[in-house]
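Notes for the one structure printed next.
The figures here come from the full heavy-atom set of this structure, side chains too, leaving out hydrogens, waters and symmetry mates. Lettering follows sequence order; numbering is per chain, from 1.
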Number of protein chains: 2
Amino acid sequence: MTISEENYIKVIYHLSLVSPKGVNTNAIAGMLDTKASSVTDMLKKLSEKELVSYQKYQGVTLTDKGFYSAKMIVRKHRLWEVFLVDKLNFSWDEVHEIAEELEHIKSENLINKLDAFLDFPSFDPHGDPIPNADGEIKKINKLLLSETELNKEYQCVGVKDSSSEFLQYLDKQKIALGSKITVKEKESFDDTLLVQIDSRQLTISNKIANNLYVK
Amino acid sequence: MTISEENYIKVIYHLSLVSPKGVNTNAIAGMLDTKASSVTDMLKKLSEKELVSYQKYQGVTLTDKGFYSAKMIVRKHRLWEVFLVDKLNFSWDEVHEIAEELEHIKSENLINKLDAFLDFPSFDPHGDPIPNADGEIKKINKLLLSETELNKEYQCVGVKDSSSEFLQYLDKQKIALGSKITVKEKESFDDTLLVQIDSRQLTISNKIANNLYVK
DNA sequence: TATTATTTTTAGTTTTGCCTAAATTTTTAG
DNA sequence: CTAAAAATTTAGGCAAAACTAAAAATAATA
């Protein structure tokens, strides 16, 4: 697979988690910052290679082969993110772009040795699960902070939005994966939350609460 | 720079260490397993970008800018090789191809953090020097085993040929970087050497002796 | 249902990096 | 010094992956 093909497969994978019935040409174009006509060209090629099943005008889904390939790319991306944060001391808002390049390095042996070196992590620095060498993904029962019950203690386990703006906001508020969070009050007018984080009190907007996963 | 451009710059760098007056089109084509006409095309482009100075039929040399770029690519290649051997437990004959891919990852920050993580190594697993962040290269006075004096102790510090066949031969004979080597006898007929390595005696062909650096 | 509006595909180009074949320049040898 | 050999460049093309503009299919709405 070329780098371009891998990028398409990865995007189709992420989009199909949201729309499993078939991914739109335009949605793919949007994610890859390219034009719909270019997407159509590539879908034909990926279909030839039996990585996707594609019927004109009907959207696209991954074949088993495409699905496995996608998970291997995601595996590489997330393992490299762990490496960058845990070993090279990058912060969690700096690693995405570098991992976008590293995920295309070919050697399977490399990625399995990296996995071992990192002690077989199950989650990346943003709390997203890392597929193992067989493509299996550990699921956890996480929910958004906005969906939690009042006065019950949760633990922060991931972010939905992993833009550097959001991650830097969390850093500023000293909210990290592992932080204990309890919602004390909910303002019904704008859904602002009053929360206790570790030992601090904090007011959190609905937008933030909709992008933070807890369990 | 594209990956292809980087590969040309790197090859021109290596060849210009041997022929500093100008590198031949055919020599570049040979190293990159491509055709002379393709090389000509690329030399024009690199010349446009002021990475090389190139005059038709007269060979090519790197500009200062091209020379610095080349050293940064070599730096990345060799640092990744150290990482693969020291941290991921690859053997020295397996790392070249993977490093050929890793050397094209763009982030400068990444490579400097990797350098720090590895404790600023000066040499790669094959004994080749690693340029520092400024492009400076530590020189050592090494010579080929075939050029040594009889009954004088040397230390193995590098290989000239780093093909996996040669490296695996050295592994089999338990010759590693750091091994102490003394030439006891030299057979004048075929230049075969009788050497003492650490505490063993070994007969070594001229071909081997011409590819092993000692100091 | 008819007719817009939107989405998607087709057709035709562009750029990058490669190719072959032919022409040109440089080098080597008689 | 000239002719043959070797090296290099030019010319013309191809495939991948993108693009624009136009056509076709599907979806939305009056």
Query raised in the report: Contact class for Asp41(B) vs. all strands (heavy atom < 4.0 Å): base, sugar-phosphate, or nothing?
Result: base
Report task. Using a 4.0 Å heavy-atom cut-off across all strands, classify Thr40(B) as base, sugar-phosphate, or nothing. Result -> base
**Report entry** Distance-only polar pair, side chains of Thr63(B) and Ser53(B), donor-acceptor under 3.5 Å
**Finding:** no
[X] [atom1] - [N] [atom2] separation (whole Å):
X        : N       : atom1 : atom2 : answer
Lys21(A) : dT26(D) : NZ    : P     : 19 Å
Glu48(B) : dT15(C) : CD    : P     : 14 Å
Leu32(B) : dC18(C) : CG    : P     : 8 Å
Lys35(A) : dT14(C) : NZ    : P     : 16 Å
Leu43(B) : dT10(D) : CG    : P     : 11 Å
Gln58(B) : dT9(D)  : CD    : P     : 9 Å
Ile3(A)  : dA18(D) : CD1   : P     : 11 Å
Ile28(B) : dC18(C) : CD1   : P     : 12 Å

Query - Taking every non-hydrogen atom, the tightest pair across Tyr68(B) and Asp134(B) - result: CE1-O, 3.9 Å
Report task. Return the orientation label for the His126(A) and Trp92(A) ring planes: parallel under 30°, perpendicular over 60°, tilted otherwise. Result -> parallel
Taking the side chain of [X] as its heavy atoms from C-beta onward, which of [options] lies nearest to it?
X        : options                   : answer
Lys56(A) : dC19(C), dT25(C), dT10(C) : dT10(C)
Tyr8(A)  : dC19(D), dT10(C), dA18(D) : dA18(D)
Ser37(A) : dA18(D), dC19(D), dT8(C)  : dC19(D)
Ser4(B)  : dT9(C), dC18(C), dC19(D)  : dC18(C)
Lys44(B) : dT8(C), dT10(D), dC19(D)  : dT10(D)
Tyr57(B) : dT9(D), dT10(D), dC19(C)  : dT9(D)
Thr34(A) : dA25(D), dT26(C), dA18(D) : dA18(D)

**Report entry** Lys NZ or Arg CZ of Lys87(B) over Phe83(A) ring: under 6.0 Å, within 45°
**Finding:** no
Does a nitrogen or oxygen in the side chain of [X] sit under 4.0 Å from OP1 or OP2 of [N]?
X        : N      : value
Asn24(B) : dT8(D) : yes
Asn26(A) : dT6(C) : no
Tyr54(A) : dT9(C) : yes

Report summary line: dA29(C) -> Watson-Crick or G-U wobble partner, both distances under 3.5 Å, gives dT2(D)
Requested in this report: Using Watson-Crick or G-U wobble geometry with both distances below 3.5 Å, tell me the partner of dC14(D), or none.
Outcome: dG17(C)
**Report entry** NZ/NE/NH1/NH2 to OD/OE distance under 4.0 Å, Glu108(A) and Arg75(A)
**Finding:** no
Query raised in the report: Tell me, do Cys156(B) and Leu177(B) make a side-chain contact under 4.5 Å, heavy atoms counted?
Result: yes
Query raised in the report: Of Thr2(A) and Gly59(B), whose closest DNA chain D nucleotide lies nearer the 5' terminus?
Result: Gly59(B)
